[in-house]
Number of protein chains: 2
Amino acid sequence: MTKKQAATQSVQDYLKRIYELTEDGAPASTNDLARELNIKPASVTGMIQKLAAEKPALVEYQKHQGVTLTKAGRKAALEVIRHHRLLEAWLVRTLGYSWDEVHEEAERLEHVISEDFEMRIAAAMGHPDRDPHGELIPTAELVMPTEESIPLSALRPTQTGIVQCVKAADTELLRFLEGLGLIPGAEIEIKEYSPFDHNLTVKIGRKTTVLGLNITSKIFIEES
Amino acid sequence: MTKKQAATQSVQDYLKRIYELTEDGAPASTNDLARELNIKPASVTGMIQKLAAEKPALVEYQKHQGVTLTKAGRKAALEVIRHHRLLEAWLVRTLGYSWDEVHEEAERLEHVISEDFEMRIAAAMGHPDRDPHGELIPTAELVMPTEESIPLSALRPTQTGIVQCVKAADTELLRFLEGLGLIPGAEIEIKEYSPFDHNLTVKIGRKTTVLGLNITSKIFIEES
DNA sequence: AAATCAATTTAGGATAACCTAAATTTTAAG
DNA sequence: CTTAAAATTTAGGTTATCCTAAATTGATTT
């Protein structure tokens, strides 16, 4: 049977964070997880040991070496991420939430919606492939599509493209970027590059702005 | 400060059930609560004692005499009930749930939505005063409107009216009633009354059906 | 290789919300 | 008014998840 015991909310949160922290290929450390989850490292160790000991293990764990997800753990994580991103899209589209407001609400709802609810909102939106920030939504089969876009920081003068994704969670930053028009779908063109500080002068729509690396590394572009 | 510590999901469930069980004015017994909440009576006693001991008490409790809600407890209960009923209405209207499907989903969502979410869905629906079953929705100020309609079982031949509310939770029964057209808004007329078994012959729209007391006591009518 | 510091784990507790089994109280019946 | 049955409460456990403080391990520096 593929039937897994409903993971608790805590477990779902652990798996989601582990997924995010291991996207770069490296295991997630106890400390990093503790910071992301706002709990103490000692508690993380305990939970991780439990997850590694489950009948079908959800994580791979070696003392002092960090954790990674097993196939089962990854599926469970993608389920939560799919819920979260579909919810963000749904809240923005049907209830007029702005992209800087949805996160918290989705964070709570993601743990309690049914598969039926998931299917209904996905269908109602025409099965979107990205959330309001442009983050890819795992498929119903729990496969994460591959991201084709590249960071804005990798572009150089005369290159043009379209903003696909803004990887930021901070409300202030999101509002700032929205003010600049730097949102998914925006057309951009690189005007200047400053090799010393990595600043890029970017034309967004009709406005032109200078952006630092801390911003350009978070914006993902599909070149055109 | 009126700021109450976020009640846990369990506490919210207890308060909601106590509200329902005490609508008739009488205190709710430990046993009844246990049955409604699907937990053991011993556990109910423990929780009730805790709720009665809270800084602002949520329930009034006397050993062996049952519980009632305090003002604070009632407000908290009405908040949950408002969430539940608004959610049911919203799920039916925006996601095509049928009235026999919404309960479970709303039961889980009611505990996690924000006040902001509550306001948004209420506004999006034009601040409805009843849920899909016709149950009254507490106001944003947490006041339960007074129910004016009377049970179908109280009507007698030649009286006519409109169905306002169907107080039933069972999926099968709800589907059956829907099949009969016995849903909020339906026009009905009493044709016959059988004093021995309390059966009523009722014309619903153009169909005529004989209904027993177990049904007629659950349908509420506004006489016309 | 020894010392030191940071990261991690272990040990021992706390809290919330259940449970079972045993005791007690209330209610109802002789 | 005594007693059996029903309802309720107490006592003692369990599980999940978190915490603090102490111990340990790994990494870095001398």
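Throughout, protein chains are lettered first and strands after them, A, B, ... in sequence-line order, and every chain is numbered starting at 1.
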If the cut-off is 4.0 Å, is Y14(B) near the phosphate of dA16(C), judged by side-chain N/O to OP1 or OP2? no

Whole-Å distance separating the NE2 atom of H64(A) from the P atom of dT24(D): 12 Å

Quick one, D13(A) with S10(A), criterion side chain to side chain donor-acceptor pair (under 3.5 Å). Give me CA distance, side-chain angles, the key distance, then yes/no. CA-CA 5 Å; D13(A) 281 335; S10(A) 263; 5.8 Å; no

Can you tell me how far CG of D100(A) sits from CG of L173(A), rounded to the nearest 0.5 angstrom? 10.0 Å

Quick one: Q49(A) CD to dA11(C) P, roughly how many Å, whole number? 10 Å

Roughly how many Å is it from CG in L51(B) to P in dA16(C), rounded to a whole number? 12 Å

Note: contacts of residues 18-45 of chain B with DNA chain D (heavy atom, under 4.0 Å) are S29(B), T30(B), N31(B), P41(B), A42(B), T45(B)

So, is S10(B) close to the dC18(C) phosphate, meaning a side-chain N or O under 4.0 Å from OP1 or OP2? yes

For a quick test of reading the model: is some side-chain N or O of Q65(B) closer than 4.0 Å to OP1 or OP2 of dA7(D)? no

Treating R17(B) as the side-chain partner and L33(B) as the backbone partner, does any N or O pair qualify as donor plus acceptor under 3.5 Å? no

May I ask you to evaluate whether Y61(B) reaches the phosphate of dT8(D), defined as a side-chain N or O under 4.0 Å from OP1 or OP2? no

Would you say the side-chain atoms of T70(B) pair up with the backbone N or O of G73(B), donor to acceptor, closer than 3.5 Å? yes

Is the H133(B) ring parallel, tilted or perpendicular to the W99(B) ring (thresholds 30°, 60°)? parallel

Roughly, in whole Å, what's the span from CE in M47(B) to C1' in dA17(C)? 6 Å

When rounded to whole Å, the CD to C1' distance for the pair E54(A) and dT15(D) reads 13 Å

Would H84(B) and H103(B) count as a close aromatic pair, with their ring centres under 6.0 Å? yes

CD1 of I48(A) versus P of dT8(C): gap in Å, rounded? 9 Å

For residues F117(B) and W90(B), establish whether the separation of their ring centroids is below 6.0 Å. yes

K63(A) side chain near dT25(D) phosphate (N/O to OP1/OP2, under 4.0 Å): no

